[in-house]
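Computed from heavy atoms alone, side chains included, the values below leave out hydrogens, waters and symmetry copies.
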Number of protein chains: 2
Amino acid sequence: MTRLPEDLPECMVFLLGKAYQKAHGDFNQRLRPYGLTNMQHLVLEGLWYQPGMTATELSKLLILDKATLSGVLDRMTETGWIIKSPDPQDRRVQRIYPSEDANRLKPELIEKRKEANLEILERFTPEERILFKRFLRDMI
Amino acid sequence: MTRLPEDLPECMVFLLGKAYQKAHGDFNQRLRPYGLTNMQHLVLEGLWYQPGMTATELSKLLILDKATLSGVLDRMTETGWIIKSPDPQDRRVQRIYPSEDANRLKPELIEKRKEANLEILERFTPEERILFKRFLRDMI
DNA sequence: AAAAATTTGTTCGTATACAAAGGAATTATC
DNA sequence: GATAATTCCTTTGTATACGAACAAATTTTT
């Protein structure tokens, strides 16, 4: 079995990518039974925090490209997770709300994210958890 | 301006994703003049480490889905960064090599990754850098 | 109020990502 | 030594990602 080039385990882009790949994949597995993706779950969290946001507001909140979000919202409308309703003040804008079905599943779905988060953090000590999160936040 | 839901800055999947998004985007900017992507650069690093690897070996080394790698290698062959040559022992296998053009740019390209890495790390103290990398490696 | 600039959201093009299925070649098993 | 199991890689289908260009609507400027 080939080993890693000496530098790769030192390269932050690589390390961040692989750590995210792992966390992202695990969380997606957890969401699979619901037919939701990580990204779609994230959108719901945003909308539960503040229902009726516009796509632009959501994309700023979640640090997402508006072109990416556009597709995500399309699929979520298609599958009934969210509802778009036109803004009477500004005809360019659509206000976005979680659907009733989504709201019904809210406690369960929030719980899933907490589980996924704990699974990641449990290998670290409480001090390490604080530090790790601080490092990541400092990058954003 | 909307603020983040209280939990998002605590969610590791979110934090890892955004930190990676940032690092990945910055590195891609640096590589843009060469017409290379982060992923393609990574493939070259793998091949410089051990030329003649098969796609399967590369995908294990770089922790990549083989289906994803297949497309990346196609594009890199198309643009002349790598060369595929059939293995005489096993007709299923293609051995992959960096092209002459790629080798010529090797020092310059390696330097780019180092620069990107430093840009990320310079905001942390030496002790923090060690810790941060350890945390990320522990996740993989 | 007409022209210019900006904002909102979509569409297009390209590049990952990965599950699942498939074709071709090789190896293992009986 | 023929069948089964495995391996290598590609293809298909769906979901991000994001730059760039765009139409429609709104705001700003003059």
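Note on A:R91: a side-chain N or O is less than 4.0 Å away from OP1 or OP2 of D:dT26. Note on B:S70: a side-chain N or O is less than 4.0 Å away from OP1 or OP2 of D:dT10. Of the side-chain N and O atoms in B:Q40, one or more sit less than 4.0 angstrom from OP1 or OP2 of C:dT16.
Heavy-atom nearest nucleotides on DNA chain D were determined for A:A67 and for B:D74, and the one closer to the 5' end corresponds to B:D74. Looking at which nucleotide of DNA chain C each of B:K66 and B:G71 is closest to, the 5′-most match is held by B:G71. With DNA chain C read from its 5' end, the first of the two nearest nucleotides for A:V93 and B:T68 is the one closest to A:V93. Residue-to-nucleotide proximity on DNA chain D shows that, of A:P88 and A:M39, the 5′-proximal contact is made by A:M39.
Listed for the B:R95 side chain is no donor-acceptor partner under 3.5 Å among the backbone atoms of B:D87. The closest donor-acceptor contact from the side chain of A:E128 to the backbone of A:T125 lies under 3.5 Å. Side chain of B:R91 to main chain of B:P88: no donor-acceptor pair is present (N/O by atom type, distance under 3.5 Å, no hydrogens or angles).
The nearest whole Å value for the distance from the CG atom in B:L69 to the P atom in C:dA19 is 15 Å. Atom pair B:L64:CG and C:dA15:P shows a separation of 16 Å (rounding to whole Å applied).
Set against C:dA20, C:dT16, C:dA25, the side chain of B:R75 has C:dT16 as its closest nucleotide. Comparing atom distances between the B:D90 side chain and each of D:dG19, D:dA25, C:dT26 picks out C:dT26 as nearest.
The aromatic ring centroids of A:F27 and A:H41 lie less than 6.0 Å from each other.
Listed by residue number, A:Q21, A:R32 are the residues of residues 15-38 of chain A with a heavy-atom contact under 4.0 Å to DNA chain C.
The cluster map of Ile, Leu, Val, Met, Phe, Trp and Tyr, joined by side-chain heavy atoms under 4.5 Å apart, puts A:L15 and A:L131 in the same cluster.
For A:K112 against A:R30, the heavy-atom pair with the smallest separation is O-CD, 4.1 Å.
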Using a 4.0 Å cut-off on protein heavy atoms (strictly under), produce a 5'-to-3' string for nucleotides 1-7 of chain C with B for base contact, S for backbone-only sugar-phosphate contact, and - for none. ------B

Cut-off 3.5 Å, no hydrogens considered: what does the side-chain donor-acceptor table look like for residues 63-74 of chain A, sequence neighbours left out?
| from | atom 1 | to | atom 2 | distance (Å) |
| --- | --- | --- | --- | --- |
| A:D65 | OD1 | A:A67 | N | 2.8 |
| A:D74 | OD1 | A:K84 | NZ | 3.4 |

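The side-chain heavy atoms of A:W81 and A:D101, taken from C-beta on, include no pair separated by under 4.5 Å. Considering only heavy atoms from C-beta on, A:F132 comes within 4.5 Å of B:M12 through its side chain.
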